[in-house]
Undergrad: 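Starting off with a structure, shown below.
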Amino acid sequence: MTMDKTFAPADIEARINEMWNSASAFAAGAGSKPGMDSFSIVIPPPNVTGSLHMGHALNNTLQDILVRWKRMQGYDVLWQPGTDHAGIATQMVVERQLAEEGNEGRREMGRQKFIDRVWQWKEESGGTILNQLKRLGASCDWSRERFTMDEGLSKAVLKVFVELYNEGLIYKGKRLVNWDPKFETAISDLEVENIEVDGHMWHFKYPLAGGATYEYVEKDEDGNVTLREERDYISIATTRPETMLGDGAVAVHPSDERYAPIVGKLCEIPVGPKEHRRLIPIITDDYPDPEFGSGAVKITGAHDFNDYQVAKRGNIPLFRLMDERGGMRADGETYAVEAAKAKTLREEGGVPDEEHVDTINLVPDEYRGLDRFDARKQVVTDIDAEGLMILVEDKKVMQPFGDRSKVVIEPMLTDQWFLDAKVLAEPALASVKEGKTNFVPKNWEKTYFDWMENIEPWCISRQLWWGHQIPAWYGPDDHIFVAEDEETALNDAIQHYMASEGPWKAWLEDRIDNFHPEELITRDPDVLDTWFSSALWPFSTLGWPDKTPELARYYQTDVLVTGFDIIFFWVARMMMMGNHFMKDEDGKIVEPFHTIYIHALVRDEHGQKMSKTKGNVLDPLVLIDEFGADAVRFTLAAMAAQGRDIKLATSRIAGYRNFATKLWNAVRFAQLNGAALTLGFEVDEVKEPVNRWILTEASRAIQEVEEALAEYRFNDAASSAYKFTWNLFCDWYLELLKPTLNGDDSPAMHEARATMAYVIDTILALLHPFMPFITEELWEATGGFDGRPQPLALSPWPELDYADADAAADINWAIDLITQTRSVRAEMNIPPGARLSASLVGVTDTVRDRLESQAAVLERVGRFEALVEAVGAPEGTVQIVVGGTTLCLNVGEVIDLGAERVRLAKEIDRLDGEIARIDKKLSNDKFTARAPEEVVQGERDKRAGYEAEKLKVGEALERMG
RNA sequence: GGGCGUGUAGCUCAGCGGGAGAGCACUCGCUUCACACGCGAGGGGUCACUGGUUCGAUCCCAGUCAUGCCCACCA
């Protein structure tokens, strides 16, 4: 076939993909050799709403390189693809779509109809990102695509939830959680981003109850009194005045003498109508720092995590002030009655207990329904108007934001489900400590350890609709029944109540077999955190809890390839779940993977994080359109050095696009010159030094690529393959072959054609994991004597153990000679087209052989008119020392004798410098005594070489007179 | 406050105990019959700084400076 001059990726990528698809080239086990081990990777499932970004491109390129490599090596390979249902993100996308279409909203639709709608969206648009992965060339087994809300995966989720619940590792409780007022759901600690923003700190006076006063005394470090005054208030500082209405106490440090006189007394929250203000106690706790602010802290247990701890320790009531949207709650019908009770209680010298305060209208009318930030302004204004504001400072404050919603997270007291992560973390921690699962690079272990060792309960419930609904049902008395399905839960409930003595026993006896389940039990409306199902991904995708052949074959998976940003979200949780549920016949833990390869983040060329707002986003699909998938992949691999972020510049991609073109043209050249594997070609029978040399180098390249990939040094693997292809094969081998290929028909020509074809096959195979499209295309284009029985993707990885040191020495000598000649020619401005005659002085037998066998090559590539042996250097020649022999170039009239003398003198200077440096070393007794013998000998050898060269150059200089 | 990382050619990055490398950019020369997305030849670096270990340090150790990221409850 004829090939175009340049390689046009767009023309072939779709076709090659189609070919792989119809050949089922990526099906689990495709191309594997009998009896080979499995090699499996589960893809980090992208969000079903996602579209391919550079991070995905890097992540999946690296996986694909490993998978294609192992597949070619004959392993039984599975790369398991799929997507994640991404609870919040997906619900958000569909809600936005509903709004844009002018449709009724989620709440109006109702749960079931909304969920149906999301499924519909998923069927229509959910495949986008996987199709984009195909464009990248990802060789997943697409026939095994999974989705975290598939029937099978949902079954796994139910089973895990029920088992963990029965083991007491999942529980429900009223806790302070991170509440996202935009999505109106709880989120986990990990979904909160703490960001420093400009804020204020307000200092307020909390008047003491009943107008009481005390003597406030401040002292300096030496105990001298610096301030003494009578106060009828305690000064507190806050960044969140709107939470004052929920204060349960004011806390001071027990050692703080300033407030000792008033500890135990009551003070007033100076907000709202005076007659209804709550009084709160002044307590001691270790939490307040006497050095910070006034040393007194208001305690708002229901809206601050620190305060929550203090409140629990001090038995301080918790007052939830806000509704789901972060507005000041507008309920409180019992306000008048209950507040009056509380007031009475206070007048009698008591503190309202929880029973009373819970129903007190905490939020006075003027704040009701206000957004929390408006409420903040209002509270500040009102306190200021009353003259109780001491000062307001500008201050940087750390504020929690929802990672998806970007709104300020509100700590809220709600009922939620939790997973006791501490228990599950133990074995997950041990597996890494014992080296059964290894991080690459290893330093990520520390991050993992730190987090796992300090792990907090995981809030797994979400107040969303899209997701795995929690399999818990509540009886009429709120008794919880957890089961994999409603029928089981119902039976459990019936049993439970029949065995009880309560009213529900009678109710049941009345209408057993004749009531609707919902009259007895109702299902918890919450769904699980998306990451709960992702945590099961390595085994749920393989069919667990069923005992499938795939599970037996491909679990444990081999390597997890992912970014460090989801070590906590995903990696740690897969380890916890995998280690808890996956055991072998002996009951020993089988980790989800033996290696965790953590790759870098892709940034822009200046190291900035790519973001839409900065406008520095590189879209991999655009880059693929422009440069081809192979170039994008190769760039990412070449830059994937461990332990550093990737700063991606398009110039690099262009460079590797050029590499693809180079490869294309090399193969085209070979084609034009009749490259073809001949029947029965055996590398061991190759005779020509040039061929033996390239086979030696090919063997080395294969080994380098293998070693690098085995250690996940993708950049080293890429660069070895690159250098071999371009700098050795193209730059030298093909050039050295040209005289033979253009010459008369000869055995050498046939050997060249065959070797060329053989090495091209090797190159295509070596590069295939990195550049699958062009190599596959060229593989087709270069079918040998028997055609191509298999796509390259399923062809064997090259095996070549070949080394010929003599041939290498011969060819390297020729390369050296040509290089030095070129250098002199360029230096002396000799027209590139001019052919020079030259002679060699001091020719040994070895060199004579080389001259003889490579005469044609030397003359053509070195552009010599004639290259002959001579006894002495002819007049008017430029002399170069090439390994013990002096090459005398007859440059004719071009020669500038003065310049040539200077050139040679400079050369001698350089050699003198080298010799002096070595002499300095060798004359150091400590060096010769302590350095290893081979190092010392190496220096001596080098010195001898320089000496010999210097001698020749000196002779050349002398001859010039 | 804790943890991890990075400072090597103009730019983006490899290397990491024994003479400083790549790609891009730059300079010079090439319509050499595969490739100008090319070929050939070049210029350019006290390998952040200061100490230490060593026969020998860009590489190992300590400190300093600069810079990035992650975690963390200072109201």
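Quick note on labels: first sequence line is chain A, next is B, and so on, each numbered from 1.
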Undergrad: Map every base of RNA chain B to its dot-bracket character, where paired means a Watson-Crick or G-U wobble contact with both distances under 3.5 Å and | marks a partner outside the strand.
TA: ((((((((.[[[[.)..(..]]]].(((((.......))))).....[[[[[..)....]]]]])))))))....
Undergrad: Judged by each residue's nearest nucleotide on RNA chain B, which is more toward the 5′ side, A:R668 or A:S823?
TA: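 Nearest-nucleotide comparison on RNA chain B picks A:R668.
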Undergrad: In this structure, how many angstroms lie between the P atom of B:rC4 and the CZ atom of A:F449, rounded?
TA: 13 Å
Undergrad: Using the side chain to side chain donor-acceptor pair (under 3.5 Å) criterion, which residues pair with A:D941? Sequence neighbours excluded.
TA: A:Q937
Undergrad: Have a look at A:R917 and say if it touches a base, only the backbone sugar-phosphate, or nothing, with a 4.0 Å heavy-atom cut-off.
TA: base
Undergrad: Please report, rounded to the nearest Å, how far the C1' atom of B:rC69 is from the CD1 atom of A:I567.
TA: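 Taking CD1 of A:I567 and C1' of B:rC69, I get 12 Å after rounding.
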Undergrad: Is there a side-chain contact between A:V432 and A:Y448, using heavy atoms and a 4.5 Å cut-off?
TA: yes
Undergrad: Please report the distance, rounded to the nearest Å, between NZ in A:K738 and C1' in B:rA34.
TA: 7 Å
Undergrad: Provide the distance between the two P atoms, one in B:rU64 and one in B:rC4, to the nearest whole Å.
TA: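 About 15 Å, rounded to a whole number of Å.
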Undergrad: Taking B:rG2 as the reference, what is the distance to B:rU46 when you measure between their C1' atoms (whole Å, please)?
TA: 36 Å
Undergrad: Please state whether the phosphate of B:rG38, meaning OP1 or OP2, lies under 4.0 angstrom from any side-chain nitrogen or oxygen of A:T661.
TA: no
Undergrad: Considering every strand and a 4.0 Å limit on heavy-atom distances, what is the contact class for A:R657: base, sugar-phosphate, or nothing?
TA: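 Touches a base.
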Undergrad: Taking B:rG21 as the reference, what is the distance to B:rA41 when you measure between their P atoms (whole Å, please)?
TA: 15 Å
Undergrad: How long is the gap from CD1 on A:I269 to OG1 on A:T243, to the nearest 0.5 Å?
TA: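 So the CD1 of A:I269 and the OG1 of A:T243 are separated by 9.5 Å.
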Undergrad: Give the rounded distance in Å between these two atoms: CD of A:E939 and C1' of B:rG17.
TA: 13 Å
Undergrad: Please report, rounded to the nearest Å, how far the C1' atom of B:rC4 is from the CG atom of A:D450.
TA: 9 Å
Undergrad: What is the distance, rounded to the nearest whole Å, between atom CE of A:M639 and atom P of B:rU12?
TA: 10 Å
Undergrad: Taking only residues two or more places apart in sequence, or in another chain, which ones meet A:K950 in a side chain to side chain donor-acceptor pair (under 3.5 Å)?
TA: A:D912
Undergrad: Can you name the residues that form a side chain to side chain contact (heavy atoms under 4.5 Å, CB included) with A:R753, not counting sequence neighbours?
TA: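 Side chain to side chain contact (heavy atoms under 4.5 Å, CB included) check on A:R753 returns A:L741, A:M749, A:H750.
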Undergrad: Does the plane of the ring in A:F568 sit parallel, tilted or perpendicular to the ring in A:W451? Use 30° and 60° as the thresholds.
TA: parallel
Undergrad: For B:rG68 versus B:rC59, give the span between their P atoms, rounded off to a whole number of Å.
TA: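 Rounded to whole Å, the distance is 24 Å.
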Undergrad: Compute whether any side-chain donor of one residue and acceptor of the other, for A:E191 and A:S188, lie under 3.5 angstrom apart.
TA: yes
Undergrad: Which letter, B, S or -, goes with each nucleotide of nucleotides 22-33 of chain B from 5' to 3', with contact meaning a protein heavy atom under 4.0 Å?
TA: -SS----S--S-
Undergrad: Is there, by distance only and without an angle test, a donor paired with an acceptor across the side chain of A:K446 and the base of B:rC4 below 3.5 Å?
TA: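 By the distance-only test, no, there is no pair.
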Undergrad: Send over the distance from A:I815 CD1 to B:rA41 P, rounded to a whole Å.
TA: 12 Å
Undergrad: Contact class for A:T819 (heavy atom, under 4.0 Å): base, sugar-phosphate, or nothing?
TA: sugar-phosphate
Undergrad: If you measure from CE on A:M389 to NZ on A:K205, what distance do you get to the nearest 0.5 Å?
TA: 11.5 Å
Undergrad: Whole-Å distance between B:rG42 C1' and A:E827 CD?
TA: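 These atoms are roughly 10 Å apart.
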Undergrad: Between B:rG45 and B:rG56, how far is it from one P atom to the other, in whole Å?
TA: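 Straight-line distance between the two P atoms is 27 Å.
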Undergrad: For A:H200, give me all partners under side chain to side chain contact (heavy atoms under 4.5 Å, CB included), at least two apart in sequence or on another chain.
TA: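 Here the qualifying residues are A:W202, A:V392, A:D394.
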Undergrad: When you compare B:rC35 with B:rG18, how far apart are their C1' atoms, in angstrom units rounded to a whole number?
TA: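 To the nearest whole Å, 40 Å.
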Undergrad: Is a side-chain N or O of A:R822 found less than 3.5 angstrom from the main chain of A:I818, in a donor-acceptor match?
TA: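 Checked: no pair found.
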Undergrad: Quick one: side chain to side chain donor-acceptor pair (under 3.5 Å) partners of A:E707, sequence neighbours excluded?
TA: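 Expected list: A:Q703.
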Undergrad: What's the gap between B:rC30 and B:rC11 when it is taken at their C1' atoms, as a whole Å value?
TA: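 Looking at atom C1' only, B:rC30 and B:rC11 are 27 Å apart.
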Undergrad: Could you give the distance separating B:rG1 and B:rG44 at their C1' atoms, to the nearest angstrom?
TA: 44 Å
Undergrad: Under the side chain to side chain contact (heavy atoms under 4.5 Å, CB included) test, which residues partner A:E393, sequence neighbours left out?
TA: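 Once residues adjacent in sequence are excluded, the partners of A:E393 under the side chain to side chain contact (heavy atoms under 4.5 Å, CB included) criterion are A:M201, A:H203, A:L391.
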Undergrad: Could I get the full list of side chain to side chain donor-acceptor pair (under 3.5 Å) partners for A:N673, not counting sequence neighbours?
TA: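 A:N673 satisfies side chain to side chain donor-acceptor pair (under 3.5 Å) with no residue once adjacent residues are dropped.
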Undergrad: Whether the side chain of A:E735 and the base of B:rA34 hold a donor-acceptor pair under 3.5 Å is what I'd like checked.
TA: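 For A:E735, whose side chain was compared with the base of B:rA34, there is a donor-acceptor pair (under 3.5 Å).
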Undergrad: Output one line per pair: protein atom, nucleotide atom from nucleotides 56-61 of chain B, and distance, for all N/O pairs under 3.5 Å.
TA:
none

Undergrad: Looking at the rings of A:Y656 and A:Y722, which for Trp means the six-membered one, are their centres under 6.0 Å apart?
TA: yes
Undergrad: Please collect all salt bridge (charged side-chain N to carboxylate O under 4.0 Å, His left out) contacts where either partner lies in residues 233-247 of chain A, sequence neighbours excluded, each pair once.
TA: A:R240-A:E242, A:R240-A:E410, A:E242-A:R376, A:D247-A:K298
Undergrad: Between A:F7 and A:W664, is the gap from one ring center to the other below 6.0 Å?
TA: yes
Undergrad: Any chance you could list the contact pattern along nucleotides 70-75 of chain B? Use B for base contacts, S for sugar-phosphate-only contacts and - for none, protein heavy atoms under 4.0 Å, 5' to 3'.
TA: --BBBB
Undergrad: Could you check which of B:rA34, B:rG5, B:rU12 has an atom nearest any side-chain atom of A:K662?
TA: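 Between B:rA34, B:rG5, B:rU12, the one nearest the side chain of A:K662 would be B:rA34.
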